[in-house]
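So that the names make sense, note that chain A is the first sequence line, chain B the second, and so on, each numbered from 1. Worth saying up front: this structure is predicted, and the values here are computed from it rather than measured.
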2 protein chains.
Amino acid sequence: MADQVITLSDVAAAAGVSLSTASKALNGTDRISQATREHVRTTADRLGFRHNALARSFARGRSQTIGVLTHRASNPFTRVVLATAATELGAKEQAILLYDARIGDRDVTESILQLRARRIDGVIVIGTGTSFPSPSLTSRFDVPVIYAFTFTEDPDDVTITADDDEIGRLAVRHLLSKGRRKIAHITAEPHDNAAQRRAAGAQEVLADAGLEWVSPVRFGRWREGWGAEAAAELLAEVPDVDAIFCGSDAIARGAERVVRASGREVPGDVALIGVDNWEQLMHDQRVSRHLTTIDVGLEEIGRQVAAHLLEPDPQPGIRYVTPQVVTAETT
Amino acid sequence: MADQVITLSDVAAAAGVSLSTASKALNGTDRISQATREHVRTTADRLGFRHNALARSFARGRSQTIGVLTHRASNPFTRVVLATAATELGAKEQAILLYDARIGDRDVTESILQLRARRIDGVIVIGTGTSFPSPSLTSRFDVPVIYAFTFTEDPDDVTITADDDEIGRLAVRHLLSKGRRKIAHITAEPHDNAAQRRAAGAQEVLADAGLEWVSPVRFGRWREGWGAEAAAELLAEVPDVDAIFCGSDAIARGAERVVRASGREVPGDVALIGVDNWEQLMHDQRVSRHLTTIDVGLEEIGRQVAAHLLEPDPQPGIRYVTPQVVTAETT
DNA sequence: GTGATTTGCGAAACCGCTTTCGCTTCCGAG
DNA sequence: CTCGGAAGCGAAAGCGGTTTCGCAAATCAC
């Protein structure tokens, strides 16, 4: 291990060719005879040669590296998108360089400058998946920028995100398929984009079925406590509600607790469906779920981000990833 | 933006000094008069000069980059440790390069080679926080390697991880302080290191108080379903149990559901405490918890990892981060 | 068989910065 | 006044590759 590191000129010398020939043979560029190419390659292997990535990047002016900008305390999406993208890109010797940053804060500028200084080949901006549009950073780079799990003010940005309308549709369709008709919805902030669109998609399917919410949509927070609180109100107002579509798994957990505490059965009296399916992504093994939920398709987002980054000219616009119902014990 | 990129020689020319003087002035190395230094710095600022990090790393032979090896689908720890470390290191223009890898699989070798080729300055290996020791990779690098959230077979490795014994102690101490005496424990795989040590720490405090488990420790899986199942058995065997220490929040959620379903009050009849406190780290805002839990100190681990990486000579051995009780509604 | 291409390879420039080394100049000690 | 040492700066040699360009040999068309 303390051995001298092998450089390309070592390989060239050992193979009896010039430095430039060795380079071209290994890279497959330029015209080199098959015989020479083979010979250089085998001697390189024999010596255990590996390119000095630093020197190579420097010479080429491209770093074989993708930068990632993310919000410091953002959600688990970050990790999944990161892990998936890293695996896909890693296979191409393309590494992922992580720059944490409070997107929207002033000091994102510092992160941008650092990334530019490192001559990254592309950027992934990972948002929070909900709430407000990210500011567009595309013009601050001269390499491709892809937004994951967020959307921007610029329609020409390349964006890959969850299909919140479809999440809402799937949830209600699933409840209808279980024979439920008295359906309510508990979700998060009224100004949150994801919450709005999930509610809209759900309402659409409901209307198509000639139904309406059994009680007005309850907007609140993305958390368990709100799920419990809202469910209590709901049960008081509509005692015979038979299904609740919850805007997140956390909300659904709070709701389930209160529904059960009221003496009702789940799913016997009230069916419950959440959204997220993060726990699946928490552990190595696919855990069996208790709560029925809608998986938003994080891994798919990660894969698509990686794929688009490798494409020469990704198509601008928002690309939605299709969510999926994960049926479990609460419906 | 399309402007030509400013190089150090541009700065040197504009300042009327040589290239080497400019370099030394900006780096603060070697002997340069205060006046020249100032002058070079202001002209650099004026031109908006920024070092080409690639060229610089290449010339220095160090990349100002830390490599991270992690298990592909590992838990949320990865993200927190990564985010915290990235923020700490980012301030020092030290970036984090992520290499996903199935640690333990054969192809971790490929990741190691890629990292070495990039002349990284250090490595963070992030484990799963539980289960088995990671194989030691220290000898395969010639830069410092720090293990987070795992432990290795080599006692000389630098490791920062959770204090599972203390987690167990804290949990039982907390339950005792709430006046509970009939305490049970539901946890994960019997061979899982974290599960074992939490159980051991808990038992220790229990014994000091002259008590023992009201029923033998129930080992099973890290999941909600197991929590429900084990709690049902437990209630049948010991109907007057007054507290359950659950090895994870997921297990605790399953247990709570069953306890409530049995007609018992939480925490009135049965107190519940979990371990993890991941939800806290899921969202931007600190959410209010329902379940009392033990926070394992992930962010602190991330901070310490970053700190040790910047130290010249980190002390070998395992360093345990102190956990903390987060009191909520179930105790 | 001749001239025009193509093929295969090496010499050398270059990427942008760091760092060694040597040359002046300045200063204080003797 | 002389000398030794330190301070301030520039020339130039890398760092380890990639890439352009030119040249000789081989191949082709006619």
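- Among the heavy atoms of the strands lying under 4.0 Å from A:Arg56 are primed sugar atoms or P, OP1, OP2 only; no base atom is included.
- Residues A:Pro144 and A:Val158 fail the side-chain proximity criterion, which asks for heavy atoms closer than 4.5 Å.
- The nearest whole Å value for the distance from the CG atom in A:Leu19 to the P atom in D:dG17 is 8 Å.
- When distances run from any side-chain atom of B:Asn52 to the nucleotides C:dG16, C:dA11, D:dT19, the shortest one goes to C:dG16.
- Counting only heavy atoms from C-beta outward, the side chains of B:Val305 and B:Ile126 never approach each other to under 4.5 Å.
- Contacts of B:Thr7 with the nucleic acid, taken as non-hydrogen atoms under 4.0 Å apart, involve only primed sugar atoms and P, OP1 or OP2.
- Using a 4.0 Å heavy-atom criterion, one finds that B:Thr29 contacts no nucleic acid atom at all.
- Side-chain proximity of B:Thr21 to C:dG16, D:dG16, D:dG10: nearest is D:dG10.
- Whole-Å rounding puts the A:Glu38 CD to C:dG8 P distance at 14 Å.
- Across all strands shown, A:Ser33 has heavy atoms under 4.0 Å from sugar-phosphate atoms exclusively, and none from any base.
- As a whole-Å value, the separation of A:Gln34 CD from C:dT7 P is 14 Å.
- Between the OH atom in A:Tyr320 and the CD1 atom in A:Ile318 there is a gap of 4.0 Å [rounded to 0.5 Å].
- Side chains of A:Arg118 and A:Ser57: a donor-acceptor N/O pair is absent below 3.5 angstrom, by distance only.
- In this entry the distance linking CZ of A:Arg31 with P of D:dC23 reads 15 Å, nearest Å.
- Stacking between A:Phe58 and the base of C:dC15 is present: ring centres sit under 5.5 Å apart and the planes differ by under 30 degrees.
- Put simply, CG on A:Leu8 is 11 Å from P on D:dG16, counting in whole angstrom units.
- At whole-Å resolution of the value, CZ in A:Arg50 and C1' in D:dG16 are 16 Å apart.
- The base of D:dG10 is paired with the side chain of B:Lys24 by a donor and an acceptor separated by under 3.5 Å.
- If you measure from atom CG of A:Leu54 to atom C1' of C:dC15, you get 13 Å, rounded to the nearest angstrom.
- Heavy-atom distances to DNA chain D give each of B:Ala55 and B:Ile32 a nearest nucleotide, and the one nearer the 5′ end belongs to B:Ile32.
- Contacts of B:Thr36 with the nucleic acid, taken as non-hydrogen atoms under 4.0 Å apart, involve only primed sugar atoms and P, OP1 or OP2.
- Side-chain N/O atoms of A:Ser23 include one lying less than 4.0 angstrom from OP1 or OP2 on D:dT18.
- Computed from coordinates, the B:Arg60 CZ to C:dT19 P distance equals 6 Å when rounded to whole Å.
- In this model, the phosphate group of C:dT18 is approached by a side-chain N or O of B:Asn27 to a distance below 4.0 Å at OP1 or OP2.
- Crowding of B:Gln315 atom CD: a count of heavy atoms from other residues, nucleotides or ligands under 6.0 Å not exceeding 12.
- Judged by atom type and distance alone, B:Ser20 reaches the base of D:dG10 through a side-chain donor-acceptor pair under 3.5 Å.
- Across all strands shown, B:Asp30 has heavy atoms under 4.0 Å from base atoms, whether or not it also approaches the sugar-phosphate.
- Between A:Arg41 and A:Glu38 no salt bridge is recorded (no basic side-chain N to carboxylate O distance below 4.0 Å).
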